[in-house]
A.B. asks: 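Structure in structure tokens, see below.
Just so it is clear, the model here is predicted, and its values are computed rather than measured.
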Amino acid sequence: MLRRSRTERTGEPAALLVVGLGNPGGQYVGTRHNVGADVVAVLADRHGGSLRKSKELALSCEVRIGGQRVALALPQTYMNESGQSVGRLVHRHGVDDPTRLVVVHDELDIPVGGLKVKEGGGLAGHNGLKSITAHLKTQDYLRVRIGVGRPPGRQSGADYVLRRPPKAEAVELGVVVAEAADAVEVILAEGVGAAMGRFNARS
């Protein structure tokens with residue numbers, strides 16, 4: 001059960017809340033750290049949503065996918081404060097079960113272009129996930145992890161993810177961003193187990 005707040009949902013709750021992690025601002029567009037945000041933007045575009053500034057420190061909207069209400073959100077805090085926004089979003093959209101929250105994010109431990117769906121588990125040093133877990137008091141939410149690979153040589157992970165990839169890699173990431181959006185749709189329609197079986201086998 002997720003921690004409650006003073007802000008309660010009124011009306012129909014969302015079947016799924018999908019949060020794409022990234023940093024706000026034009027200087028971060030196209031960087032490896034923002035691939036999660038790119039996935040949510042794709043979902044909004046596919047389903048006729050318009051991401052707009054909300055009181056939950058995010059750009060957000062609600063869409064219908066297969067007849068179900070789905071909330072889409074891009075936190076507008078910086079990555080390491082993502083939990084401030086997500087904590088508000090889960091209450092705004094009536095998400096009281098962590099398995100109805102999907103967090104889409106970049107993952108250093110997966111090769112470029114890889115994709116993994118995960119239910120709960122560790123945080124792998126990801127500052128966005130650390131912040132979300134701290135605010136929600138649970139790490140049982142779902143994740144869609146997009147591989148960006150490890151930095152070459154002695155380059156730090158922090159520096160690596162905040163840079164834009166070279167053209168060939170950017171094309172590869174564009175393909176997996178679309179697949180990650182597909183994975184979210186499968187989670188909604190068929191459940192996380194089906195999504196894990198279908199997409200994790202590809203990686």
Side-chain angles (χ1 to χ4, degrees), residues 1-2 9 12-22 32 34-49 51 58 60-75 82-83 86 89-124 126 128-129 132-133 136-149 171-203:
M1 202 67 144
L2 295 179
R9 168 75 180 180
E12 179 188 358
L16 213 61
L17 166 60
V18 187
V19 174
L21 297 188
R32 296 176 178 93
N34 275 41
V35 290
D38 294 341
V39 172
V40 166
V42 167
L43 285 166
D45 187 59
R46 281 185 187 178
H47 299 285
L51 292 160
S60 65
C61 66
E62 291 189 356
V63 297
R64 288 276 179 180
I65 302 178
Q68 299 191 75
R69 185 186 294 268
V70 176
L72 305 174
L74 307 178
S82 299
V86 176
L89 286 161
V90 296
H91 296 295
R92 166 68 181 87
H93 296 287
V95 176
D96 55 6
D97 178 349
T99 63
R100 286 166 48 209
L101 168 63
V102 181
V103 178
V104 191
H105 64 91
D106 59 305
E107 180 59 68
L108 290 168
D109 290 334
I110 299 175
V112 175
L115 176 65
K116 295 282 187 183
V117 178
K118 183 178 180 183
E119 184 173 6
L123 309 179
H126 194 288
L129 298 182
I132 291 168
T133 296
L136 300 185
K137 308 302 183 188
T138 181
Q139 55 191 46
D140 294 339
Y141 49 88
L142 310 184
R143 302 94 183 272
V144 175
R145 307 157 71 209
I146 298 173
V148 296
V171 169
E172 196 169 1
L173 287 174
V175 171
V176 75
V177 160
E179 289 182 346
D182 297 341
V184 171
E185 293 170 346
V186 172
I187 290 170
L188 177 68
E190 303 175 40
V192 66
M196 290 169 69
R198 187 174 309 178
F199 292 91
N200 294 6
R202 295 182 185 180
S203 301

A.B. asks: Compare every heavy atom of Pro13 with every heavy atom of Gly94, then report the nearest pair and how far apart it is.
C.D. replies: O-CB, 3.7 Å
A.B. asks: Please report the shortest heavy-atom distance between Thr138 and Pro98, naming the atom on each side.
C.D. replies: CG2-CB, 4.2 Å
A.B. asks: Starting from the C-alpha separation in whole Å, work towards a yes-or-no answer on side-chain contact (heavy atoms from CB on, under 4.5 Å) for Leu101 and Val86.
C.D. replies: CA-CA 9 Å; Leu101 168 63; Val86 176; 4.1 Å; yes
A.B. asks: How long is the gap from CZ on Arg100 to NE2 on His93, to the nearest 0.5 Å?
C.D. replies: 11.5 Å
A.B. asks: Mind checking the CZ-NE2 spacing from Arg145 to His105? Nearest 0.5 Å is all I need.
C.D. replies: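 Atom-to-atom, Arg145:CZ and His105:NE2 are 6.0 Å apart.
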A.B. asks: What distance separates Ile110 CD1 from Lys118 NZ, expressed to the nearest 0.5 Å?
C.D. replies: 8.5 Å
A.B. asks: Quick one: closest heavy-atom pair of Ala178 and Arg46, and the distance?
C.D. replies: O-NH2, 3.2 Å
A.B. asks: On a heavy-atom basis, which atom in Ser82 and which in Leu21 lie closest, and how many Å separate them?
C.D. replies: OG-CD2, 3.8 Å
A.B. asks: Quick one, Val102 with Leu17, criterion side-chain contact (heavy atoms from CB on, under 4.5 Å). Give me CA distance, side-chain angles, the key distance, then yes/no.
C.D. replies: CA-CA 6 Å; Val102 181; Leu17 166 60; over 6 Å; no
A.B. asks: Quick one: CG on Leu72 to CG on Asp45, what's the gap to the nearest 0.5 Å?
C.D. replies: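 It is 11.0 Å, given to the nearest 0.5 Å.
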A.B. asks: Does a salt bridge link Asp38 with Arg32, judged by any charged N lying under 4.0 Å from a carboxylate O?
C.D. replies: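 No salt bridge links Asp38 with Arg32.
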A.B. asks: With a 3.5 Å distance limit and no angle check, can you tell me whether Asn200 reaches the backbone of Val117 through a side-chain donor-acceptor pair?
C.D. replies: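 Side chain of Asn200 to backbone of Val117: a pair is present.
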A.B. asks: What I'd like to find out is whether the side chain of Val70 reaches to under 4.5 Å of the side chain of Val18, using heavy atoms alone.
C.D. replies: yes
A.B. asks: State, to 0.1 Å, how close Ile146 and Val177 come at their nearest heavy-atom pair, and which atoms those are.
C.D. replies: CD1-CG2, 4.5 Å
A.B. asks: So which heavy atom on Thr99 is nearest to which on Leu142, and how close?
C.D. replies: O-CD1, 3.4 Å
A.B. asks: Can Glu12 and Arg64 be said to form a salt bridge (charged side-chain N to carboxylate O under 4.0 Å, His left out), step by step?
C.D. replies: CA-CA 12 Å; Glu12 179 188 358; Arg64 288 276 179 180; 3.0 Å; yes
A.B. asks: Can you tell me how far the CZ atom of Phe199 sits from the CD atom of Glu179, to the nearest 0.5 Å?
C.D. replies: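 Here the rounded value is 7.0 Å.
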A.B. asks: So do Thr133 and Tyr141 actually touch side chain to side chain, heavy atoms under 4.5 Å?
C.D. replies: yes
A.B. asks: Who passes side chain to side chain donor-acceptor pair (under 3.5 Å) against His126, sequence neighbours left out?
C.D. replies: Asp106
A.B. asks: If only side-chain N and O atoms count, and only distance matters, is there a donor-acceptor pair under 3.5 Å linking Glu185 with His47?
C.D. replies: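 Result is yes, a qualifying pair exists.
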A.B. asks: Under the 3.5 angstrom rule, does the side chain of Gln139 hit a backbone N or O of Gly121 as a donor-acceptor pair?
C.D. replies: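 Checked: pair present.
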A.B. asks: With sequence neighbours left out, what residues match Arg143 under salt bridge (charged side-chain N to carboxylate O under 4.0 Å, His left out)?
C.D. replies: none
A.B. asks: State, with a plain yes or no, whether a side-chain heavy atom of Glu190 is found less than 4.5 Å away from one of Arg198.
C.D. replies: yes
A.B. asks: Apply side-chain contact (heavy atoms from CB on, under 4.5 Å) to the pair Val103 and Val144, showing each step before the final yes or no.
C.D. replies: CA-CA 6 Å; Val103 178; Val144 175; over 6 Å; no
